[in-house]
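Working notes, beginning with the structure itself.
Note that these values count all heavy atoms, side chains included, but never hydrogens, waters or copies made by symmetry. Counting from 1, the numbers follow the sequence of the chain as shown.
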Amino acid sequence: MTSTSAELTKASASAPAGIKTKHYRIASKELAVGMFVAELDRPWIDTPFLLQGFLIDSVTELETVRRFCRYVKVDLELSNPEVAEAIKTAELKAIQEAEPTVDRRGFAKAAPPGTPERRKKEGASFKVRSDLQVDRQTRQKFRDFIRDVGSGSTSRQDNSWLHRMLVKLGLAKPKPGAATKVKRGPKQLDPALAKELKEQLPKGVKLVVHKETVPVLQELPRARKSVAKSEKVLESVVADIRQGGAVQVEKVQEAVDDMVASMIDNPDALMWIARLRDEDMNTYAHGVKVSLYMIALGRQIGLPKQQLALLGMVGMLADVGKTKIPRALLDKPGMLSPSEHSVIKEHVRLGIEALKSTGQLGEEVEQGIAQHHERLDGSGYPRGLKGAEISLYGRIAGIADSFAALVTPRAYANAQAPQDALMSLYQWSGISFPEALIEQFVQAIGVFPVGTLVELSSGEIGVVIAQNRVRRLEPKVLVLTWPDKKPLPQPIERDLMTAKNSDASLRNLRIARGLPSGAYGLKMRDFYADAIVDANAQL
């Protein structure tokens with residue numbers, strides 16, 4: 001077996017609800033046949049591995065992983081026993097060797113891992129990877145960001161965005177006496193993002209502040225109708241493309257305009273409908289969800305209504321080219337061959353060609369569709385664009401498309417909890433996606449998005465029904481079960497931000513963790529939609 005570089009980490013993204021697993025992070029160049037790959041260092045949809053979790057059982061698969069990833073996470077329980085045992089033995093050896101350099105009597109011990117002296121003697125034992133520390137820093141940065149957003153404020157060392165980032169990365173020291181607490185409103189963008197928006201938006205377009213004007217309860221009926229209309233329109237578009245007919249782009253525009261109007265007035269209503277659609281494997285639901293996630297992010301950063309409509313069009317139409325791809329290939333539960341992967345990539349070109357034949361596809365929409373699989377580091381397709389070569393529309397489309405794919409159950413992949421999906425996006429920020437836009441996306445849909453199943457510190461299971469814009473870690477929740485996870489006869493609505501002030505027994509109540517759609521057998525679509533409407537009537 002090859003030398004294995006790994007770190008034992010706790011990860012639950014690919015595990016069933018309530019079960020914690022231990023995954024080893026291993027450099028792709030040191031993988032071996034027989035290892036079960038549980039996680040990648042980039043979105044699954046950017047690779048030929050459509051199955052989220054697979055056993056490497058051939059040299060071809062091994063070489064493919066190495067070509068697309070720098071590292072992966074391996075689940076030992078699902079790996080071949082002899083391979084798992086070899087990794088455990090190597091890890092134990094590394095732990096035994098990682099001891100103080102001087103013992104209690106003052107005699108020198110083995111040099112610490114990673115030093116030149118140690119590397120000469122290590123041979124095939126574990127090596128400390130330089131990017132492991134970066135990974136831990138990234139996770140801590142995300143936790144710090146969530147904490148800041150959730151409390152409604154953020155610590156700033158000074159007014160320099162670059163300096164704050166360097167401090168978080170441990171590459172700079174805080175300036176003495178400069179730390180202050182300031183409110184971080186949804187439209188107070190980082191200077192870097194504000195500059196990027198200014199450069200990429202059409203001349204004369206100015207950012208605006210969108211305020212909620214309609215309560216969730218009042219907006220839900222319109223949100224449901226707009227989503228249903230959008231799915232019907234998208235189904236019609238797909239049928240037109242299959243039959244070689246003209247696509248009625250104006251119908252798509254009308255549907256998108258309805259979603260934009262609803263999103264501007266109250267984004268929580270559409271977010272709730274989107275989560276209900278996470279339990280639905282309807283092909284057309286994905287395009288609609290990508291569209292509304294793009295609109296939500298655009299609303300968050302202050303794009304005006306016209307630009308929000310363009311984003312919505314991109315999301316709706318980005319994947320229509322898959323209509324031209326064989327269904328069996330799209331649903332293949334395993335690794336795609338290089339030729340099959342090339343065919344899948346063609347959906348971008350095929351979609352644009354079908355839509356351009358109508359003569360009504362705007363430049364911005366075409367650009368967003370063409371670039372929704374491009375990535376900052378040039379690893380995307382179809383053109384391998386890098387950095388500033390990717391438009392704002394393409395960047396937003398990539399984020400929304402990846403998130404929608406992560407949280408939606410598929411025939412070949414389990415859904416992630418929204419928080420795990422957001423963590424994955426944040427982990428890929430700076431490599432696949434812009435970090436500033438990822439942070440704005442988190443704020444747009446909420447740390448615990450509306451419609452998310454959550455486990456409370458009491459053990460009860462609930463669903464988030466509305467955001468608290470100031471304290472995003474304390475949303476309004478509809479409690480669905482007792483602490484033993486048995487359903488309540490009647491759901492109970494609680495506002496986590498105000499409950500602690502009104503009831504002493506709820507003083508320490510908080511969200512313990514987010515859960516994937518369908519956890520504990522709870523299907524929101526079946527029996528909670530009406531209850532949520534009733535609960536919102538009391539807000």
Q: Step through the shown structure and confirm whether more than 12 heavy atoms of other residues, nucleotides or ligands are within 6.0 Å of CD on Q306.
A: no
Q: Step through the shown structure and confirm whether more than 12 heavy atoms of other residues, nucleotides or ligands are within 6.0 Å of CD on E363.
A: no
**Q.** Minimum heavy-atom distance between F448 and R513, given as atom pair plus value
**A.** CE2-C, 4.4 Å
Q) Just wondering, do K289 and F403 contact through their side chains at under 4.5 Å, heavy atoms? A) no
Q: Using side-chain contact (heavy atoms from CB on, under 4.5 Å) as the criterion, point out the one residue from E374, R375, Q367 that pairs with I390.
A: E374
Q) Just wondering, do P449 and V407 contact through their side chains at under 4.5 Å, heavy atoms? A) no
Q. Would a distance-only check, ignoring hydrogens and angles, find a side-chain to backbone donor-acceptor pair under 3.5 Å from R299 to I264?
A. yes
**Q.** Interatomic distance, L303 atom CG to L297 atom CG [nearest 0.5 angstrom]
**A.** 8.0 Å
Q | Polar contact flag, side-chain donor to acceptor under 3.5 angstrom, H372-D319 | A | yes
Q. Between the side chains of Q248 and S236, is a donor N or O closer than 3.5 angstrom to an acceptor N or O?
A. no
Q: Check the pair R395 / I399 against side chain to side chain contact (heavy atoms under 4.5 Å, CB included), numbers first and verdict last.
A: CA-CA 6 Å; R395 296 180 182 202; I399 292 171; 5.5 Å; no
Q) Where do M316 and L234 come nearest, in terms of heavy atoms and distance? A) O-CD1, 3.2 Å
Q | Distance (rounded to the nearest 0.5 Å) between N266 CG and R222 CZ | A | 9.5 Å
Q) Can you tell me how far the CG atom of L350 sits from the OG1 atom of T323, to the nearest 0.5 Å? A) 9.5 Å
Q: Could you pull out the closest heavy-atom pair between G368 and V314, with the gap in Å?
A: C-CG1, 3.6 Å
Q.
Between K232 and E235, does any NZ, NE, NH1 or NH2 come within less than 4.0 Å of an OD or OE carboxylate oxygen?
A. no
Q. How many angstroms lie between atom OG of S379 and atom CH2 of W428, to the nearest 0.5 angstrom?
A. 11.5 Å
Q: Check the pair L311, I396 against side chain to side chain contact (heavy atoms under 4.5 Å, CB included), reporting the backbone distance first and the verdict last.
A: CA-CA 8 Å; L311 289 175; I396 291 178; 4.1 Å; yes
Q: Check whether any side-chain N or O of S291 sits under 3.5 Å from a backbone N or O of G287 as a donor-acceptor pair, and report yes or no.
A: no
Q. How long is the span from the OG atom in S391 to the CD atom in Q371, to the nearest 0.5 Å?
A. 4.0 Å
Q.
Does any part of the side chain of E474, heavy atoms only, come nearer than 4.5 Å to the side chain of R510, both counted from C-beta?
A. no
Q.
For the CG atom of L425 and the CD atom of E439, what is their distance to the nearest 0.5 Å?
A. 12.5 Å
Q: Evaluate the side-chain proximity of M294 to L310: yes if any heavy-atom separation is below 4.5 Å, no if none is.
A: no
Q) L330 versus K322: any side-chain heavy-atom pair under 4.5 Å? A) yes
Q) Would a 4.5 Å heavy-atom cut-off, applied to side chains only, mark L488 and L480 as touching? A) no
Q) How close do A255 and V233 get, heavy atom to heavy atom, and via which atoms? A) CB-CG2, 4.2 Å
Q) Going by heavy atoms in the side chains, are I241 and V247 under 4.5 Å from each other? A) yes
(Q) If I compare all heavy atoms of V320 with all of G351, which pair ends up nearest, and what's the gap? (A) CG2-CA, 4.2 Å
Q. Is a salt bridge present between R349 and E346, judged by a nitrogen-to-oxygen distance below 4.0 Å?
A. yes
Q) Any chance NZ of K305 has more than 12 other-residue heavy atoms, nucleotides or ligands included, within less than 6.0 Å? A) no
Q) In terms of heavy-atom contacts, does NZ of K229 have more than 12 from other residues, nucleotides or ligands at under 6.0 Å? A) yes
Q: For the pair K476 and E493, evaluate salt bridge (charged side-chain N to carboxylate O under 4.0 Å, His left out) and give the outcome as yes or no after the intermediate values.
A: CA-CA 7 Å; K476 297 178 179 69; E493 185 268 322; over 6 Å; no
Q) Taking side chain as C-beta onward, heavy atoms only, is S230 less than 4.5 Å from D258? A) no
**Q.** Heavy-atom pair with the smallest gap, counting every atom of P304 and V208
**A.** CA-CG2, 4.0 Å
Q: May I ask you to check whether T481 and E460 show a side-chain donor-acceptor distance below 3.5 Å?
A: no
**Q.** Heavy-atom neighbours of R383 CZ exceed 12 at 6.0 Å
**A.** no
Q | Criterion side chain to side chain contact (heavy atoms under 4.5 Å, CB included) on V450 and I465, from CA distance to verdict | A | CA-CA 5 Å; V450 171; I465 58 175; 5.6 Å; no
**Q.** Check: M263 main-chain N/O paired with H210 side-chain donor or acceptor under 3.5 Å
**A.** no
**Q.** Derivation of the side chain to side chain contact (heavy atoms under 4.5 Å, CB included) call for S226 and L270
**A.** CA-CA 9 Å; S226 67; L270 275 177; 3.7 Å; yes
